[in-house]
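Please read the structure below before turning to the comments.
None of the values given here were measured: they were computed from a predicted structure.
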Amino acid sequence: QVQVVESGGGLVQAGGSLRLSCTPSGLTFDDYAMGWFRQAPGKEREGVSCVYWSSGSTYYADSVKGRFTISRDNAKNTLYLQMNSLKPEDTAMYYCAAAQHLPNKVWWSPYEYNHWGQGTQVTVSS
């Protein structure tokens, strides 16, 4: 059974940093891509970043390029999202998700992911 567990959210002032962690289990890592998504109240869930576990290829939404960094620790089977220079508009519930055999051109689509964590809240104050 695949499980995905996130942690690391919180309240931070604009310009600050947070690091989110995600620990998936029950899956064959080489077959999967791991993504970070976020959803603000009244908005659709949007893809923030993605990493392909076997190749290490990464993708980012334009809104976070240069500020967020996705990484993985193969030894710990843990995914991270380092978020720097945070802005109030980054405030959202952040989700970690896993997708098997994900075409890279749709890395951003939540419909391609079939295993989701419970989410962790990130709030950036101005």
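- In this structure, CG on Leu79 lies 5.0 Å from SG on Cys96, to the nearest 0.5 angstrom.
- More than 12 heavy atoms of other residues, nucleotides or ligands sit less than 6.0 Å from atom CD of Gln118.
- Side-chain heavy atoms closer than 4.5 Å link hydrophobic residues (I, L, V, M, F, W, Y) into clusters, and following such links, possibly through other members, connects Val51 to Phe29.
- No donor-acceptor distance shorter than 3.5 angstrom exists from the side chain of Ser109 to the backbone of Val106, with no hydrogens or angles considered.
- Here the CG-CE distance, from Leu18 to Met83, works out to 4.5 Å after rounding to the nearest 0.5 Å.
- Taking the centre and axis of the six-membered ring of Tyr95, the NZ or CZ atom of Arg38 falls outside the cone set by 45° and 6.0 Å.
- For the residue pair Arg72 and Ser55, the shortest heavy atom distance occurs at NH2-C, 4.2 Å.
- Hydrophobic clustering, with ILVMFWY side chains joined whenever heavy atoms are under 4.5 angstrom apart, keeps Val64 apart from Tyr113.
- Both Ile70 and Tyr94 belong to a single network of hydrophobic side chains, linked directly or stepwise wherever heavy atoms of I, L, V, M, F, W or Y lie under 4.5 Å apart.
- Summarising the geometry of Ser126 relative to Ala14, their closest heavy-atom pair is CA-CB, 4.3 Å, with the distance given to 0.1 Å.
- Taking hydrophobic clusters as Ile, Leu, Val, Met, Phe, Trp and Tyr residues chained together by side-chain heavy-atom distances below 4.5 Å, Trp116 does not share a cluster with Leu20.
- Within the structure, disulfide (SG to SG under 2.5 Å) contacts touching residues 32-76 (residues at least two apart or in different chains) do not occur.
- A 4.5 Å side-chain heavy-atom check between Ser17 and Val12 finds every atom pair outside the cut-off.
- Side chains of Asp73 and Thr78: no donor on one and acceptor on the other come within 3.5 Å.
- Nearest heavy atom pair, residue Thr120 against residue Gly9, reads OG1-N, 3.1 Å.
- Under the 4.0 Å criterion applied to side-chain N and carboxylate O atoms, Asp62 and Lys65 are assigned as salt-bridge partners.
- For Trp108, the CH2 atom counts as loosely surrounded, since its 6.0 Å shell holds 12 or fewer non-hydrogen atoms of other residues, nucleotides or ligands.
- Across Val2 and Gly26, no two heavy atoms sit closer than the pair CG2-O, 3.4 Å.
- Put simply, the side chain of Gln82 never gets that close to the backbone of Thr69: no donor and acceptor are under 3.5 Å apart.
- Atom OG of Ser25 sits about 5.0 Å away from atom CD of Gln3, to the nearest 0.5 Å.
- Taking 4.5 Å as the limit, every side-chain heavy atom of Trp107 sits out of range of all side-chain heavy atoms of Glu112.
- Annotation: cation-pi geometry satisfied between Arg19 and Tyr80 (NZ/CZ under 6.0 angstrom from ring centroid, within 45° of ring axis).
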- Message: I'd like to know whether Lys87 forms a side-chain contact (heavy atoms from CB on, under 4.5 Å) with Arg67, so could you lay out the CA-CA distance, the side-chain angles of the two residues, the decisive distance to 0.1 Å, and finally the verdict.
- Response: CA-CA 10 Å; Lys87 305 175 182 180; Arg67 300 188 298 123; 3.8 Å; yes
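- Taking CE of Met93 as the reference point, atom OG1 of Thr123 lies at 8.5 Å (rounded to 0.5 Å).
- When hydrophobic clusters are built by joining Ile, Leu, Val, Met, Phe, Trp and Tyr residues whose side-chain heavy atoms come closer than 4.5 Å, directly or via intermediates, Tyr60 is grouped together with Leu86.
- Residues Phe68 and Asp90 are in side-chain contact: their nearest non-hydrogen atoms beyond the backbone lie under 4.5 Å apart.
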Checklist line | Check against side-chain contact (heavy atoms from CB on, under 4.5 Å), Asp31 and Trp53 | finding: CA-CA 8 Å; Asp31 293 341; Trp53 204 273; over 6 Å; no
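- Considering CG of Asn104 and OH of Tyr52, their distance stands at 5.0 Å, rounded to 0.5 Å.
- Here Gln100 contributes atom CD and Asn114 contributes atom CG; the two are 7.0 Å apart, rounded to the nearest 0.5 Å.
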For this session: Please test Phe37 against Val48 for side-chain contact (heavy atoms from CB on, under 4.5 Å), starting from the C-alpha separation and ending with a verdict.
Result: CA-CA 5 Å; Phe37 290 79; Val48 173; 5.5 Å; no
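- Using cut-offs of 30° and 60° for the angle between ring planes, the His115 and Tyr32 rings count as tilted.
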